[in-house]
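Per chain, numbering begins at 1; letters A, B, ... match sequence-line order. What's counted below: heavy atoms across the whole structure, side chains too, no hydrogens, waters or symmetry copies. All values reported here derive from a predicted model rather than from experimental measurement.
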Amino acid sequence: MTAYRYWLLKSEPLTYSIDDFASLGVDHWDGVRNYQARNFLKEMQVGDYAFFYHSNCKVPGVVGLARVVRAAYPDHTSFDKSSKYYDPKSSPDNPRWFMVDLEFVEKFGREASLTELKHQPALEDLRLVQRGNRLSVMPVTAKEAQCILRLCEASLV
DNA sequence: GCCAACGTTGGC
DNA sequence: GCCAACGTTGGC
């Protein structure tokens with residue numbers, strides 16, 4: 001038996017925002033096309049929590065929380081020629097890319113901006129706040145998760 | 001819109 | 001296997 005873990009997922013709100021996610025309730029997290037991010041995706045387990053982060057927008061930051069409801073399975077958009085995520089090197093027999101299913105948990109009443117996150121000593125090792133970081137799926141330690149939750153005035157209860 | 005940082009591609 | 005060229009990310 002293992003305790004649940006925490007992750008952070010980036011999304012551009014103009015493409016897919018926390019409100020889009022909230023209105024769906026449960027959704028696939030597809031389109032990850034980076035090997036390091038994919039490897040983290042494959043480590044995600046049912047019950048793990050994932051912070052939802054808005055990137056490439058006016059005020060980037062953590063805006064909500066999700067929970068993993070299905071562990072990694074092949075990302076079918078990589079087989080779909082009409083998808084912008086199509087990858088000819090990925091096939092159903094030998095899938096290269098994976099996705100998980102997430103359930104919306106909450107949109108925080110208070111967001112934790114990137115600027116704010118960068119000022120937290122407890123978060124100095126978080127990939128997100130490090131120089132040149134581009135990873136879209138990353139692990140978050142329990143300590144870091146508590147810090148983010150506190151900034152968002154939220155708790156898991 | 002700019003541009004630094006990073007990942008990937010492909011010639012050699 | 002090196003590395004220049006290119007494409008993308010994402011903060012500012």
Side-chain angles (χ1 to χ4, degrees), chain A residues 5-24 27-44 48-66 68 71-102 104-141 143-154:
Chain A
R5 292 180 295 178
Y6 306 91
W7 305 90
L8 184 145
L9 303 169
K10 292 182 185 174
S11 186
E12 302 192 12
L14 285 176
T15 306
Y16 189 85
S17 72
I18 185 74
D19 292 324
D20 296 326
F21 179 40
S23 69
L24 291 169
D27 201 7
H28 314 299
W29 198 264
D30 60 11
V32 170
R33 294 294 181 269
N34 168 282
Y35 290 104
Q36 201 175 4
R38 177 201 68 181
N39 293 342
F40 284 135
L41 263 190
K42 288 171 84 169
E43 288 183 35
M44 295 173 76
D48 286 357
Y49 286 99
F51 291 102
F52 197 110
Y53 176 87
H54 277 172
S55 68
N56 202 11
C57 56
K58 200 161 186 177
V59 184
V62 173
V63 295
L65 191 67
V68 179
Y73 60 104
D75 181 344
H76 53 73
T77 64
S78 68
F79 315 139
D80 178 1
K81 283 187 179 171
S82 67
S83 169
K84 67 171 178 172
Y85 296 125
Y86 175 64
D87 180 353
K89 292 174 182 161
S90 183
S91 68
D93 287 343
N94 189 17
R96 174 174 293 205
W97 305 113
F98 292 80
M99 60 185 178
V100 298
D101 287 355
L102 297 175
F104 174 80
V105 174
E106 69 174 308
K107 178 180 178 179
F108 295 137
R110 187 186 182 289
E111 300 182 4
S113 71
L114 178 60
T115 306
E116 220 176 345
L117 297 172
K118 282 181 170 173
H119 284 97
Q120 303 301 314
L123 301 181
E124 64 185 6
D125 292 332
L126 183 63
R127 298 284 297 262
L128 183 76
V129 304
Q130 290 169 6
R131 200 173 74 114
N133 158 74
R134 286 171 51 176
L135 197 60
S136 64
V137 179
M138 69 186 74
V140 175
T141 67
K143 181 188 81 169
E144 291 163 345
Q146 290 312 313
C147 179
I148 295 170
L149 287 167
R150 184 174 49 76
L151 288 173
C152 296
E153 296 170 3

Chemist: Once rounded to the nearest 0.5 Å, what's the spacing between atom CG of A:L8 and atom CZ of A:R127?
Modeler: 11.5 Å

Chemist: To the nearest 0.5 Å, how far apart are CG in A:D27 and OH in A:Y16?
Modeler: 3.5 Å

Chemist: A:K107: which residues meet the salt bridge (Lys or Arg N to Asp or Glu O under 4.0 Å) condition with it, sequence neighbours left out?
Modeler: A:D19

Chemist: To the nearest 0.5 Å, how far apart are OH in A:Y53 and OG in A:S11?
Modeler: 11.5 Å

Chemist: Please tabulate, one pair per line, each protein N/O and nucleotide N/O from nucleotides 8-12 of chain C that are separated by under 3.5 Å, including the distance.
Modeler:
residue, atom, partner, partner atom, Å
C:dT8, O2, A:R134, NH1, 3.2
C:dT8, O2, A:R134, NH2, 3.1
C:dG10, OP1, A:K10, NZ, 2.8
C:dG10, OP1, A:R134, O, 3.1
C:dG11, OP1, A:Y53, OH, 2.8
C:dG11, OP2, A:N56, N, 2.9
C:dC12, OP1, A:K118, NZ, 3.1

Chemist: Using the benzene-type ring in the case of Trp, are the ring centres of A:W97 and A:Y35 under 6.0 Å apart?
Modeler: yes

Chemist: Please compare A:R131 and A:R33 by the position of their nearest nucleotide in DNA chain B and report the one closer to 5'.
Modeler: A:R131

Chemist: A:V32 pairs by side-chain contact (heavy atoms from CB on, under 4.5 Å) with which of A:L9, A:N39, A:L41, A:D75?
Modeler: A:L41

Chemist: Between N or O atoms, less than 3.5 Å apart, protein on one side and nucleotides 2-6 of chain C on the other: list the pairs.
Modeler:
none

Chemist: Treating A:R5 as the side-chain partner and A:E43 as the backbone partner, does any N or O pair qualify as donor plus acceptor under 3.5 Å?
Modeler: yes

Chemist: Using 0.5 Å steps for rounding, measure from the CG atom of A:L128 to the CD1 atom of A:I148.
Modeler: 8.0 Å

